[in-house]
2 protein chains.
Amino acid sequence: MAVTMNDVAKAAGVSLKTVSNVINNYEFIRPATKQRVLDAIDELGYETNLTARSLRSGKTKMLGLVLADLSIPYYAELASDIMKAAWSRGYRVLVEQSGNEAEHEKAALQGQFRSLTDGLLFIPLTLGAQQIIDAAGKKPLVLLGEFVQDPRLDMVLIQNHEAAAAVTTHLLAGGRRRIAVLGADDGETTGSAGLRLSGYKAALADAGVEYDPALVVRCEWRRDGGAAAVAGLLDSGADFDAVFGLNDALALGALHELLVLGKRVPEEIAVAGFDDIEEARFASPSLTTVAPGRAEIAERAVELLIERIEGNMAAPEVRQLQAAFELRVRKSAT
Amino acid sequence: MAVTMNDVAKAAGVSLKTVSNVINNYEFIRPATKQRVLDAIDELGYETNLTARSLRSGKTKMLGLVLADLSIPYYAELASDIMKAAWSRGYRVLVEQSGNEAEHEKAALQGQFRSLTDGLLFIPLTLGAQQIIDAAGKKPLVLLGEFVQDPRLDMVLIQNHEAAAAVTTHLLAGGRRRIAVLGADDGETTGSAGLRLSGYKAALADAGVEYDPALVVRCEWRRDGGAAAVAGLLDSGADFDAVFGLNDALALGALHELLVLGKRVPEEIAVAGFDDIEEARFASPSLTTVAPGRAEIAERAVELLIERIEGNMAAPEVRQLQAAFELRVRKSAT
DNA sequence: CTGAAAGCGCTTACAG
DNA sequence: CTGAAAGCGCTTACAG
């Protein structure tokens, strides 16, 4: 049905191999021959069948990207950056939504899905390091996010501890002393939440401010989670003059709820977040937050993964890269 | 390198065909044989090579989705819904970002990319109907959004006119008489902007309120576009008591800018949008808007496209479906 | 510089 | 119910 390389070869009066050479930019082709082939391609409207190429070459030129859900702004923005980074290197991205479910994460790691991609960018949310290592095949894998940390796995990291400390220090510098943290458990030490919480604690300690576990509230990292958490905190009669949401979504939810409940932000209560999604700039008041280096993360993750895919190193050293962060001071906590 | 069906066949002591039968759930297999094959699959860790299957069957079980950019919330939320709808029907989605550029849109329509998908969901932003028809191959294509309307093309539509009229009528019912429209040109009549503008005009006419072209401001459908547009309007000394942003992003940008400039919303100026992205609910004040039926659009578009892909109708009638909309009244315009 | 041939891993008539 | 064989459209040694 479709036009094949064979048709082109016949039309141009050359062999299959010559057409292939032209398509793959093999250097040593007589210009006249090349032109004839190109003309035939044009005339017949030939297009490479990428499926056939993949089967033969064993490469799909596609990267898998496993994340919870594209409706979460941070992931959507990251996915956009990753797709651009991949595209500029000749790769496409196949997104898989895990919905934050272990089954889906496992399926993405080992299922047939893997045969469609040359490597995987994976933002684990439920699976642990060992499970990932067990489930993952031999194909290259680069982790993003910090729910998992393991010296055996390639990953691109955010400076969670340092960035969270910077946010906290900024709040402290603004005179806040009772800073509520939304999105972590008091005892947590690992994963994004634990690392950010430890940065918060470190900043408090540096400033000689006492840590109060009553100000640490667990909640989902979503707008409605932040809203509920801050409402609960107010309800409980807790005394606080600032809120640090461990991501922007929940910080924005908290901000919204505070305003609904008649609190003045930042006069009575300052609010800060983490991620610097675009929405943060346009909230009212605009949200103070920290940019974790999203574009850099996307670039480096794609670069590293492609290096693994195309590299011929036998047993490469594990690489764990870190992106630079930047505090963004806005109206919600000046 | 990888385990193939042949390996499984040998291990199970059957022919290739039998393995294929088991994998594809062919009914008439002796249970014992089937079990032996399944055991072998399990033991060897066999996984179907989807690339090979695609080459042979001519189907990739992938749908292409072409949109401007995933960092735009409405598209991200729509993409998420579309991926879920496709997934539940056994299809994957390959997203292509056009960046709102004609070259990319054309490439997505006709390039090699097409060979990776069985059909395309396309949100055109720059290409016209004729260009789309010319560029598109013979593979199924379903359009989303309303920048293009043409009786020859399958599409799933938003009730732009009616929904915009509903928003406008709501603002009028709230006593507003000078309603600025952001995101359209005065003369526009086609595309999402034109259709929404015409709904606005119709609602004004119904209420006996005069249409004032000076209140119609063209701007990009993004947060910063809306912010700039409303700032320009205030600058020009225009007199208005409400703002209707033709999508939520620009309405939220306008809302933010109004508050920055010290206007009280909704007391002095009411604000309404279009799309009902999640962010709208958590803006402060929360944004009145209209939900265009995103989930329904996703479902029906996927359903229609798959029907085209799998259907065996020779020359099916063109189908143009419409989703139901719903006004969401919130604080920005009560 | 170019040709003839093998083979990537499946599915699918065609036999039996 | 199951086997042997062809072929999807490419790429890639191997020759020349």
Side-chain angles (χ1 to χ4, degrees), chain A residues 1-38 40-41 44-62 90 112-118 137 139 310, chain B residues 1-38 40-41 44-62 111-118 137 139 310:
Chain A
M1 34 185 280
V3 181
T4 71
M5 273 177 50
N6 238 317
D7 301 329
V8 175
K10 269 180 208 143
V14 299
S15 81
L16 235 196
K17 174 68 160 89
T18 303
V19 179
S20 177
N21 282 343
V22 170
I23 288 168
N24 294 298
N25 287 314
Y26 182 65
E27 291 180 273
F28 308 106
I29 309 177
R30 229 171 297 171
T33 310
K34 181 168 183 174
Q35 196 51 54
R36 242 178 331 141
V37 172
L38 289 175
I41 288 175
L44 299 176
Y46 169 76
E47 267 160 24
T48 308
N49 180 323
L50 296 179
T51 301
R53 173 182 286 173
S54 291
L55 176 57
R56 179 57 233 233
S57 68
K59 300 284 183 188
T60 63
K61 288 281 186 173
M62 290 218 273
Q112 311 176 321
F113 171 65
R114 289 306 306 265
S115 70
L116 292 173
T117 59
D118 296 335
K139 283 198 190 170
E310 298 180 353
Chain B
M1 36 184 281
V3 182
T4 71
M5 274 176 51
N6 238 317
D7 301 330
V8 175
K10 270 180 207 141
V14 299
S15 80
L16 235 195
K17 173 69 160 89
T18 303
V19 179
S20 175
N21 281 344
V22 171
I23 288 169
N24 295 298
N25 288 314
Y26 182 66
E27 290 182 272
F28 309 106
I29 309 176
R30 228 172 297 170
T33 311
K34 181 169 184 173
Q35 196 52 55
R36 243 177 331 139
V37 172
L38 289 175
I41 286 175
L44 298 176
Y46 168 75
E47 268 160 24
T48 307
N49 180 323
L50 297 180
T51 301
R53 173 181 286 174
S54 291
L55 176 59
R56 180 56 233 233
S57 68
K59 300 282 184 189
T60 63
K61 287 279 184 177
M62 289 218 272
Q112 311 178 322
F113 171 67
R114 289 305 307 264
S115 70
L116 292 173
T117 60
D118 295 336
K139 284 198 187 170
E310 299 180 352

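Convention: sequence-line order gives letters A, B, ...; per-chain numbering from 1.
Nucleic acid contact class of A/Thr33 (heavy atoms, under 4.0 Å, all strands): sugar-phosphate only. Within the nucleic acid shown, B/Ser54 has no heavy atom closer than 4.0 Å to any nucleic acid atom.
The NZ-P distance, from B/Lys59 to D/dC8, rounds to 17 Å in whole Å. B/Glu47 has its CD atom 15 Å from the C1' atom of C/dC10, to the nearest Å. As rounded to whole Å, 13 Å separates atom C1' of D/dA5 from atom CG of B/Asn6. The nearest whole Å value for the distance from the CD atom in B/Gln35 to the P atom in D/dT2 is 13 Å. When the P atom of C/dC8 is taken as reference, atom CG of B/Asp7 falls 11 Å away, rounded to whole Å.
Mapping B/Val14 and B/Leu55 onto DNA chain D by nearest heavy atom places B/Val14 at the nucleotide closer to the 5' end.
Side-chain atoms of A/Thr51 do not come within 3.5 Å of backbone N or O of B/Leu55 as any donor-acceptor pair. A donor-acceptor pair is defined here as one N or O able to donate and one able to accept, closer than 3.5 Å; no such pair exists between the side chain of A/Ser20 and the backbone of A/Leu16. A donor-acceptor pair under 3.5 Å is absent between the side-chain atoms of A/Lys61 and the main chain of A/Gly90, judged by distance alone. At least one donor-acceptor pair closer than 3.5 Å links the side chain of A/Thr60 to the backbone N or O of A/Leu116.
Side-chain contact between B/Arg36 and B/Thr18 is absent, with no heavy atoms from C-beta onward closer than 4.5 Å. Here the side chains of A/Thr4 and A/Asn49 are not in contact, with every heavy-atom distance at 4.5 Å or above. A heavy-atom distance below 4.5 Å is not found between the side chains of B/Val37 and B/Lys34. A heavy-atom distance below 4.5 Å is not found between the side chains of B/Met62 and B/Leu50.
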- Note on the structure: Once base and sugar-phosphate atoms are separated, protein heavy atoms under 4.0 Å mark nucleotides 11-16 of chain D, 5' to 3', with B, S and - as BBB---
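Between the side chains of A/Asn6 and A/Lys10, no donor N or O sits under 3.5 Å from an acceptor N or O.
Which of D/dC10, D/dC8, D/dT2 sits closest to the side chain of B/Ser15 comes down to D/dT2.
With pairs defined as Watson-Crick or G-U wobble and both atom distances under 3.5 Å, the stems of at least three pairs that touch DNA chain C come out as C:1-3 with D:14-16, C:5-12 with D:5-12, C:14-16 with D:1-3.
One finds no side-chain N or O of B/Thr51 lying less than 4.0 angstrom from the OP1 or OP2 phosphate oxygen of C/dC10.
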